[in-house]
Each structure stands twice: as structure tokens, then as C-alpha cells.
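Order of the sequence lines sets the chain letters (A, B, ...), proteins ahead of strands, with each chain counted from 1.
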Amino acid sequence: MKENDTVKVAVAAGEIMLSAGAETMRVEETMYRMMEAKGLTEIESFCTTTGIFACATGSDDEVVTVIKRVKVRDNNLEKIAKVNELSRCFVEGRLDEKTAMKELNNIRHLLPYPNLLRIVAAAVASLCFAYMFGGTWVDAVNTLITAALMQVPVIFLERRRVVPTLVTIAGGAFGTLFALTLLNLGIGENVEFIITGAIMPLVPGVALTNAIRDILDGNMLAGSARTLEALLTAVAIAAGVGVVLTSWMAVFGGVFW
Amino acid sequence: MIVGLVLAAVATMGFSVIFNVPRRELVFCGGVGAVVWLVFGIITHFLPEGTVAATFFGAMTATALGRFLSAIRKMPSTVYMIPGIIPLVPGVAIYRTMFYVVTGEHMLAVAQGVYALSLAGVISVGVLIILSLPRKIFSIGKGT
């Protein structure tokens with residue numbers, strides 16, 4: 001039955017977007033438009049941060065419902081952009097269900113930027129932040145090295161599917177450790193700008209922005225969930241940094257040994 | 001100032017890579033970051049105590065640019081907005097809050113914490129105001 005396929009394609013599109021970090025309103029609207037374009041009626045699409053529900057009535061009065069649980073979550077704006085483009089083609093009738101599904105599978109397996117590039121990007125961004133926050137160039141160099149080294153345990157843990165909060169704590173902890181070590185080896189002066197710059201790549205930018213959008217769209221459930229996610233990430237960073245910093249100061253009696 | 005703008009652009013592009021922004025949009029994301037930092041820099045230059053106001057207008061700028069670019073480049077606005085507001089995130093204030101909690105100076109921690117929260121709050125409000133404007137405003141020059 002054709003209606004089945006349409007709903008399945010819509011849900012697959014929604015799933016990819018949601019797990020790539022799209023806001024719920026975008027997911028709901030995309031799925032709605034895709035189903036509407038293929039002549040389904042009484043369409044309902046509902047989405048929270050962890051699941052998708054879609055329901056529609058086909059031509060022979062049969063009701064199709066699909067529920068999809070979304071587990072893996074990361075930030076991949078490219079996937080969102082690609083699905084967005086695909087859904088536009090689909091709605092305009094330039095794609096049928098079969099090709100759309102094939103395309104979606106390609107998008108699902110789209111590779112993120114290579115790890116090395118990610119490390120370099122994080123390191124360079126952190127360097128810029130350390131300087132922008134008010135650090136000196138020497139501080140910035142420390143931040144560059146710290147941020148690059150810090151990405152290694154972060155990527156290692158992420159690959160092993162460790163709980164995201166734990167990864168963030170580890171990131172903050174390792175970042176602080178490397179920053180303090182380098183500081184004591186004579187690179188840098190202002191510990192606060194170094195550590196702040198280095199932990200910037202862990203900051204919950206996507207969660208925060210999406211939380212605002214979800215709440216504005218009246219999707220309070222997803223909005224509060226995302227606000228909580230952003231807060232939890234911030235607390236996790238602070239915990240990671242705090243633990244190492246306190247231990248360091250307890251052992252060496254100050255920032256410098 | 002110029003150095004600051006270049007750094008802001010590079011930092012934003014770095015974040016865009018972390019967030020997997022499509023290759024062709026990286027430059028635009030960097031541009032948004034630079035403009036946001038310019039707005040922030042101009043306001044804090046004339047109002048040295050106006051970090052909160054500067055953050056507010058910076059967030060509005062990032063969102064507005066995101067929506068304009070979204071209409072022009074036919075991309076979701078999130079692609080530009082998320083990296084764009086990163087330079088405004090109150091990293092130092094959050095760090096100081098944590099630092100004072102750890103060192104037991106709780107009054108200072110509360111002061112920094114409230115400051116960090118107010119910065120996060122004005123980012124939200126700035127983004128919210130621009131997002132709630134009707135779509136038409138941002139699609140000039142493109143017909144629809």
C-alpha cells in the first residue's frame with residue numbers, strides 16, 4: 001500500500017532530523033508537509049526530543065500510524081540541511097517514495113567531518129576564544145594545545161557510546177588537567193581564560209538554541225527537556241573542571257606547583 | 001578590533017565544523033560570527049558596562065542574519081544561528097561561578113552565577129524576539 005510508504009518515508013526523514021539535533025517544530029512540520037503532499041488526510045505528526053509519532057488516513061479510509069523511538073543524538077547540521085532539501089523535492093513531487101527512502105538512507109550514513117579536522121577546528125576555535133575573552137597570545141597557545149589534547153579522550157569516549165554527560169565531565173576534567181600542566185610548564189598566565197577557551201567546544205549551544213525555539217513554538221515538553229539538557233551539560237562541564245581544579249589546588253596548594 | 005573580528009570569524013567556523021555545517025556554508029557561518037562580534041564590540045566600546053545589552057543585540061543580530069541567509073541560501077536557519085550565537089555564550093562568567101563555588105567564596109559565586117544567567121537569559125530573549133517576527137520580513141529579494 002502506497003500510504004504506508006509515504007508515512008514511513010516521512011517518519012524516516014523526521015528521525016534523521018531529530019537525531020541530528022533539529023528542533024521539534026521543524027521535524028513535525030516537515031513530516032506533515034510530506035504526508036500532506038501525497039494526499040493523506042487527517043494527518044497528525046507529533047515529536048518529542050526522544051520519539052516521533054505520525055498518523056494519517058489514506059484513500060481507502062485506512063489509518064496508518066508509525067511510532068519511532070529516537071535514541072542516538074548528535075549535532076549534525078548537514079543532515080538537517082540535506083533532509084530539508086529532500087523533503088522540499090518530495091513535496092514538489094520530484095521524488096517518489098522509493099527513491100526518497102534510498103536518499104534518506106544515504107543521508108543517514110553521511111559521515112561527519114573527519115576526527116582530525118574536528119580536533120583542529122576545536123583547537124583553533126578555542127585559541128580564538130581564549131584571546132577574545134581577554135587572554136594573552138601565550139594563553140591562547142596553551143589553549144590551542146589543551147583543546148586539541150582534550151578532544152582525544154572526548155572522541156574516544158564518544159566512539160564507545162558512553163553517556164554524553166559523562167563525556168562532558170571527562171572533557172572538562174581532562175581540559176583542566178592539561179591546561180594546568182601546560183601552565184606550570186611555563187605556557188600561559190591567566191588560568192581562567194585558558195580553561196574557559198578550552199571548554200568552549202563542550203558548551204551546549206545546540207541544546208540552548210533549540211530549547212528557545214521549542215518553547216517559542218509552544219512545544220513546552222521538548223522545550224523543557226532541552227533546557228534541562230543544556231543545564232545538565234553546563235553543570236557537567238563545571239563538575240569536570242571543578243573536581244580537577246580542587247584536587248590540583250589541594251595537592252599543590254594553589255594553581256601553580 | 002580587526003584582529004577580534006578575524007578571530008570571531010575563525011572561532012565560529014571552528015564551531016561550525018564541530019556542528020557539521022555543510023562545507024559550502026562554513027564561510028557564511030564565519031561571517032555571521034564576525035558581524036555578531038562587531039555588534040558586541042561596538043556596544044561595549046560605547047557602553048563599557050553594557051555587556052548584557054551587547055549580548056542581547058548580538059543574539060538578535062545572529063538570529064536575523066540566520067534568517068536572511070536561510071532565505072537566500074535555502075538552508076535551515078539553524079545552520080547559521082547555532083554557530084553564530086556561540087561567541088556570546090558567557091563562558092568566563094560560568095567558569096568564575098564554578099571557580100568561586102570550588103574555592104568557597106559563595107557570595108562571589110552567586111554574583112557571577114546571576115550574571116551568567118542574565119547573559120543566557122538575554123540571548124534567549126534576543127533570539128526569541130527575532131524568531132517570532134513573520135517570515136516575510138526575511139525573504140526580501142527572493143520573491144516568496
Side-chain angles (χ1 to χ4, degrees), chain A residues 20-23 26 74-82 84-85 88 110 112-113 117-118 120-129 131-134 140 191-193 195-197 199-201 203-206 208-213 215-217 230 234 237-239 241-243 245-246 249, chain B residues 3-4 6-23 25-26 29 33 37 40 59 62-63 66 73-87 89-99 101-103 116 120 123-129 131-132:
Chain A
E23 65 272 26
R26 183 184 301 281
D74 60 348
N75 303 317
N76 195 321
L77 294 173
E78 185 176 19
K79 285 186 184 175
I80 301 176
K82 283 258 164 69
N84 201 47
E85 209 176 297
R88 196 175 289 137
L110 216 59
Y113 284 113
L117 187 61
R118 247 186 76 181
V120 172
V124 173
S126 298
L127 171 144
C128 297
F129 277 116
Y131 189 78
M132 278 155 71
F133 287 146
V191 73
E192 67 177 354
F193 299 127
I195 295 180
T196 324
I199 58 175
M200 282 304 276
V203 163
V206 177
L208 186 72
T209 322
N210 281 339
I212 303 163
R213 297 195 82 159
I215 290 171
L216 180 67
D217 295 331
I237 300 174
V241 176
V243 166
L245 200 59
T246 7
M249 291 200 295
Chain B
V3 176
V6 173
L7 287 179
V10 175
T12 314
M13 279 169 74
F15 265 87
S16 311
V17 171
I18 297 172
F19 295 144
N20 276 295
V21 166
R23 238 159 264 253
E25 312 300 323
L26 286 177
C29 291
W37 195 248
F40 184 91
T63 318
R73 307 274 309 160
K74 297 255 176 276
M75 281 272 159
S77 55
T78 339
V79 169
Y80 311 101
M81 271 174 58
I82 291 178
I85 62 164
I86 289 287
V89 169
V92 178
I94 294 172
Y95 172 79
R96 284 187 183 149
T97 310
M98 191 275 316
F99 183 78
V101 168
V102 165
T103 50
I123 294 179
S124 314
V125 177
V127 171
L128 219 133
I129 289 175
L131 276 183
S132 53

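A heavy-atom distance below 4.5 Å is found between the side chains of B:Y95 and A:L245. When side chains are defined from C-beta on, A:E78 does not count as touching B:F19, because their heavy atoms never get closer than 4.5 Å. Contact of the A:T209 side chain with the B:I85 side chain is registered, since non-hydrogen atoms from C-beta on lie closer than 4.5 Å. A 4.5 Å side-chain heavy-atom check between B:V79 and A:I80 finds every atom pair outside the cut-off.
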> Step by step, would you call A:M249 with B:V102 a side chain to side chain contact (heavy atoms under 4.5 Å, CB included)?
Replying inline: CA-CA 10 Å; A:M249 291 200 295; B:V102 165; 4.3 Å; yes
>> Go through it in stages, so that I can follow the logic: the residues are B:F99 and A:T196, the test is side chain to side chain contact (heavy atoms under 4.5 Å, CB included), and I'd like the CA-CA distance, side-chain angles, deciding distance and then a yes or no.
In response: CA-CA 11 Å; B:F99 183 78; A:T196 324; over 6 Å; no
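Between A:R213 and B:S77, the side chains place a donor N or O and an acceptor N or O closer than 3.5 Å (distance only, hydrogens not considered). Between A:R26 and B:T78, the side chains place a donor N or O and an acceptor N or O closer than 3.5 Å (distance only, hydrogens not considered).
Per-residue counts of heavy-atom pairs under 4.5 Å with chain B were compared for A:V241, A:V243, A:V124; the largest is that of A:V241. Put simply, of B:P76, B:G14, B:S16, B:P83, the one with the most heavy-atom pairs under 4.5 Å next to chain A is B:P76. Put simply, of B:A8, B:S132, B:S124, the one with the most heavy-atom pairs under 4.5 Å next to chain A is B:S124. In terms of heavy-atom pairs under 4.5 angstrom with chain A, the leader among B:V125, B:I18, B:V92 is B:V92.
Contact of B:T103 with chain A is made through the side chain alone, with heavy-atom distances under 4.5 Å. With a 4.5 angstrom heavy-atom cutoff, A:N76 touches chain B via backbone and side-chain atoms both. For B:I129, no part lies under 4.5 angstrom from a heavy atom of chain A. Interface remark: A:N210 contributes side-chain atoms only to the contact with chain B (heavy atom separation under 4.5 Å). The contact between B:V3 and chain A is made entirely by side chain atoms (from C-beta outward), counting heavy-atom distances below 4.5 Å. Of the two parts of A:L117, the backbone and the side chain both hold a non-hydrogen atom closer than 4.5 Å to a non-hydrogen atom of chain B.
With hydrogens and angles disregarded, a donor-acceptor distance shorter than 3.5 Å links the side chain of A:Y113 to the backbone of B:V21.
Shortest non-hydrogen contact noted between B:M75 and A:A81 is SD-CB, 3.4 Å. The minimum heavy-atom distance linking A:F129 with B:P87 is given by the pair CE2-CA, 3.6 Å.
One distance of note links CE of B:M98 with OG1 of A:T246; it measures 8.0 Å at 0.5 Å rounding. Taken from CZ in B:F15 to OG in A:S126, the straight-line distance is 6.5 Å, to the nearest 0.5 Å. In this structure, CG in A:D217 is found 8.0 Å from CG in B:L131, a value given to the nearest 0.5 Å. B:N20 contributes atom CG, which lies 8.0 Å from atom CZ of A:R118 (distance to the nearest 0.5 angstrom).
With B:I82 as the partner, the side-chain contact (heavy atoms from CB on, under 4.5 Å) test is satisfied by one option alone out of A:L77, A:N75, A:L208: A:L77.
Using a cut-off of 4.0 Å between Lys/Arg side-chain N and Asp/Glu carboxylate O, A:E192 and B:R96 are scored as salt-bridged.
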